[in-house]
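Report on the following structure.
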Amino acid sequence: MTLENTLTQSIRKVIENLYGQSIDEKLVQLQATRKEFEGDLTLVVFPFLKISKKNPELTAQEIGDALQKEESLVSKFNVIKGFLNLSISKNHWIDTLNVIVADDQYGTVEVTEQSPLYMVEYSSPNTNKPLHLGHIRNNLLGFSLCQILKANGYKVVKTNIVNDRGIHICKSMLAWKLFGNGETPESSGKKGDHLVGDYYVRFDKEYKVQVKELMEKKGLSEEEAKKQAPLLLEAQTMLKKWEDGDPEVVALWEKMNSWVYAGFDQTYKRLGVSFDKIYYESQTYLDGKAKVMEGLEKGAFYRREDGSVWADLTQNGLDEKLLLRTDGTSVYMTQDIGTAQQRFKEYNIDKMIYVVGNEQNYHFQVLSIVLDRLGFSWGKDLVHFSYGMVELPEGKMKSREGTVVDADDLMDEMVSTARETSDELGKLEGCTEEEIANIARICGLGALKYFMLKVDPRKNMMFNPKESIDFNGNTGPFIHYTHARIRSLLRKAAEAGFQLPSSLPVDMEVSEKESNLIQNLANFPSVVRQAGAEYSPALVANYAYELVKEYNQFYHDFSILKEEDEQKKAFRLLLSQSVAKVIKTAMGLLGIEVPERM
RNA sequence: GGUCGGGUAGCUCAGCUGGAUAGAGCAACAGCCUUCUAAGCUGUGGGUCAUGGGUUCGAAUCCCAUCUCGAUCACCA
């Protein structure tokens, strides 16, 4: 029973006694008291005026009087306009802190056998180029969401669908075959995904030359030239050969994909994300085709004269959607159907969540209907965790214009900036090189992750390289710093031989700042719950920031190790320790590590 | 044009299940280290919450209209 719940019930009781009417729980609006007023929680009394038939001040006064008699949690109160500010008794706060101290898993719910299973798909890269800033947002959101769902007591299967087949990968393959001279990651020292990406760019470059030539020499329109360029035709031939199982093409495909996977693994590992089960489009698209044919027979879809297969979604207020091309090859949707089927065969999934950018909102609207029509009961309840695009100060990222921010480069830059900052401030003197490197890694990546996760996932976000690298203010390192400070305090207390008690006497004195901090800590579980319900890591990030800001003020205003009253000292240390614990858990939900010192 | 999502301080963002004087950070300016980590703390300036109407005791928040930005509506992925 939380403080709010207890109070709500008492307030309902009091109001019924006073005015002879029972009231709905929803009318009891409790909110944290604003800083400028005395009190911990505030009851808004406007909703009760109709029943009390008195003015706001008088009503608040009456409720306050009665509540103070009725509920021992309320130590005193004051009334300002229609707001009843309640002060909660000191021993409630100590009680609360004692509970937090005793709970190692504070804020999280245990996963049990009966927990529902959530499958979360995220990352979903194409195997023709390295990961960039957009993928970073996807990966961080996906991983964090999984952490948050687990903390809410759900079983989670993290999954990835790798788009490993199709014309895009044939383009890289063809360019490598024509211009690569047998270059390998080993021979060039390039990371595999970057190497393959370079050939994808090379294809585009050569292709453009051909298109231009066709337009100039043969007088073709741009549209025609783009269709007829020999390189594109050759890539299409290659795709056909791949589908027919041509050994040479398949061997090249396997070789180049393996390079890419080695590169991706490195990037994922560094980013700190992982998967429980990886699916490959090359292994699911045939199932998708079969499923579409099945739907066609059942009359869920229809075939046009040219042989292509479509879903008519006009009765759902949408358009018609292609599922199989005239030549029988599959499209994006087909593959998603096949993947969905395999997943639901292998796992007992209660909820499927797709972490995919908002540019695909329409796609998932359609997918949901199509799966439903195919008889997948879970189809209509699938969740498209739709996040906004990452924009740069100069506009959208465009790979063709070279404005893409590469994931590996970005991580390098963040870590080296963290390293420089540490060196400048001279805080890590006496640490080994290994320790320094690790702290720089934690801070650099933490800065990047926090920067991307603190904004509402649904919204487009601006990525300004200069700001993202800032380590002051509302940033990951700000939170790191507070954690490191607290750990330092606790180390010093231990070195001095100070024994931390496991709990505190409830009757001790607590200042307003301190009880505010406990109140903040007490809110953590509901923040985790809300973040899970709304699929929003940003709520956790913003909570962590508020908590840390509050703690830094406390740290500044109160002495801790130098406090002479042993009981107060113990209290402040336990309070600090609890703040550190919650910071660590909250950051963990964001996929961010915290340093012991910095 | 249809559908969907945005518009809050110079910039980046909170606040949006209606509640007190709309909050942070950055940037600018002014303070605080012989004292537990100054990657910190304190203060100053900065707002027609896109616009207009409506509902309400009360609207940044809910409803309608308008303006504006973006995404999407491909035999692309």
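Labels below follow one simple rule: chain letters A, B, ... track the order of the sequence lines, proteins then strands, and each chain is numbered from 1. Both backbone and side-chain heavy atoms feed into the values below; hydrogens, waters and symmetry mates do not.
For A:Ile583 and B:G40, the CD1 to P distance is 14 Å, given to the nearest whole Å. Between A:Asn464 atom CG and B:A27 atom P the separation is 12 Å, expressed in whole Å.
Within 4.0 Å (heavy atoms only), A:Met389 reaches no atom of the nucleic acid at all.
Between A:Lys54 and A:Leu49 the shortest side-chain heavy-atom distance does not fall below 4.5 Å.
Between A:Glu320 and A:Tyr481, the residue whose closest nucleotide on RNA chain B is further toward the 5' end is A:Tyr481. A residue-by-residue look at A:Asp470 and A:Lys459 shows that A:Lys459 has its nearest nucleotide of RNA chain B further toward the 5' end.
Between A:Ser386 and A:Asn358 the shortest heavy-atom distance is OG-CB, 3.0 Å.
In the set B:A77, B:A71, B:C36, the nucleotide with an atom closest to the side chain of A:Glu359 is B:A71. For A:Asp319, taking side-chain heavy atoms from C-beta onward, the closest of the listed nucleotides B:C73, B:A38, B:C4 is B:C73. Here the side chain of A:Arg597 is nearest to one of B:U37, B:A14, B:C36, namely B:U37. The side chain of A:Asn460 lies closest to B:G70, out of B:G40, B:A77, B:G70.
Nucleotides B:C67 and B:A74, compared at atom P, are 25 Å apart to the nearest Å. With both ends at atom C1', the span from B:G10 to B:G45 equals 13 Å, rounded to whole Å. To the nearest whole angstrom, the two C1' atoms, one in B:A77 and one in B:C62, are 39 Å apart. A distance of about 28 Å separates the P atoms of B:U21 and B:C26, rounded to the whole Å. Comparing the C1' positions of B:G7 and B:A60 gives a spacing of 12 Å, expressed to the nearest Å.
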- Criterion ring-ring contact (aromatic ring centres under 6.0 Å, His included) on A:Phe478 and A:Phe471, from CA distance to verdict: CA-CA 7 Å; A:Phe478 173 79; A:Phe471 290 174; over 10 Å; no

- Item | From CA spacing to verdict: ring-ring contact (aromatic ring centres under 6.0 Å, His included), A:Tyr354, A:Phe364 | CA-CA 9 Å; A:Tyr354 296 86; A:Phe364 281 95; 5.0 Å; yes

- Query: Run the side-chain contact (heavy atoms from CB on, under 4.5 Å) check on A:Tyr543 and A:Leu547 step by step: do they pass?
  - Reply: CA-CA 6 Å; A:Tyr543 167 81; A:Leu547 175 66; 4.1 Å; yes

- Message: Pair A:Leu232, A:Lys227 - check side-chain contact (heavy atoms from CB on, under 4.5 Å), show working.
- Response: CA-CA 7 Å; A:Leu232 182 69; A:Lys227 280 184 187 163; 5.5 Å; no

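Annotation: salt bridge (charged side-chain N to carboxylate O under 4.0 Å, His left out) contacts involving residues 314-325 of chain A, sequence neighbours excluded, comprise A:Arg304-A:Glu320. Among pairs with a residue in residues 561-575 of chain A, those fulfilling salt bridge (charged side-chain N to carboxylate O under 4.0 Å, His left out) read A:Glu514-A:Arg572, A:Glu563-A:Arg572, at least two apart in sequence or across chains.
Contact annotation: A:Arg458 does not reach the phosphate of B:G70 (side-chain N/O to OP1 or OP2, under 4.0 Å). Phosphate proximity of B:A38 to A:Arg485: present, with a side-chain N or O under 4.0 Å from OP1 or OP2. Contact between the side-chain N/O atoms of A:Asn542 and the OP1/OP2 oxygens of B:C13 is not found at any separation under 4.0 Å.
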Can you name the atoms? Protein N/O to nucleotides 41-46 of chain B N/O, anything below 3.5 Å, with the distance.
residue	atom	partner	partner atom	Å
B:C41	O2'	A:His556	ND1	3.1
B:U42	OP1	A:Gln553	NE2	2.9

Give me, pair by pair, the N or O atoms of the protein and of nucleotides 17-22 of chain B that are less than 3.5 Å apart, along with how far apart they are.
residue	atom	partner	partner atom	Å
B:G19	N7	A:Gln29	OE1	3.1
B:A20	OP2	A:Arg34	NH1	3.4
B:A20	N6	A:Thr42	OG1	2.9
B:A20	N6	A:Asn85	OD1	3.2
B:A20	N1	A:Asn85	OD1	3.3
B:U21	OP1	A:Lys81	NZ	3.4

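Base orientation of B:C62: anti, since the glycosidic angle falls outside 90° of 0.
Both key distances under 3.5 Å define a Watson-Crick or G-U pair, and stretches of 3 or more such consecutive pairs in RNA chain B run B:1-7 with B:67-73, B:10-13 with B:23-26, B:28-32 with B:40-44, B:50-54 with B:62-66.
Residues satisfying the ring pair (Phe, Tyr, Trp, His ring centres under 6.0 Å) test with A:Phe451, not counting sequence neighbours, are A:Phe463.
Residue A:Glu593 forms a salt bridge (Lys or Arg N to Asp or Glu O under 4.0 Å) with just one option from A:Lys584, A:Arg441, A:Lys449, and that option is A:Arg441.
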